[in-house]
Amino acid sequence: MKSEDSKILEKLGKNPGFKVPENYFDDFNAKLMDSLPEVKITEEEKPTLWVRVRPIVYMAAMFAGVWLMMNISSIGKSTATGDQRVANISAGVAVEKNADDFIDYEGINDYDIMTYEDSVSMN
């Protein structure tokens with residue numbers, strides 16, 4: 001392998017083929033700076049009060065909207081207490097055609113209804 005490398009060097013020589021002109025790097029920096037365009041340095045603008053407060057205002061508006069939607073959607077809901085709800089469900093389930101309307105009504109299950117009916121029948 002080394003013999004092949006030495007043969008190639010003998011044929012081509014050690015001349016890289018590129019030459020740098022005389023004194024090229026002496027004034028390179030000055031030439032480069034002269035060729036660059038002028039840059040105007042401007043002072044950074046400070047954000048206004050609105051720009052700084054805007055994300056907080058938007059977030060507050062979002063939470064207010066969610067709160068309002070939750071309150072509007074609960075306007076038609078019953079405000080009956082737990083015992084009143086169980087009594088209403090028991091009365092409604094007594095009529096067979098209404099039984100399906102009261103399944104899983106506001107978290108009341110069949111056990112709650114049976115225990116309510118048992119406690120009413122005992123009295």
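Following chains of ILVMFWY side-chain contacts shorter than 4.5 Å, one cannot reach Ile56 starting from Phe63, and the two form parts of different hydrophobic clusters.
Note: Trp67 CH2 to Ile72 CD1 = 9.0 Å, rounded to the nearest 0.5 Å. From Asp34, atom CG reaches atom CG of Asn29 across 9.5 Å, with rounding to the nearest 0.5 Å. Of the inter-residue distances, the one linking Lys31 atom NZ with Met33 atom CE reads 15.5 Å to the nearest 0.5 angstrom. If you take NZ on Lys46 and CG on Leu49, they are separated by 13.5 Å, rounding to the nearest 0.5 Å.
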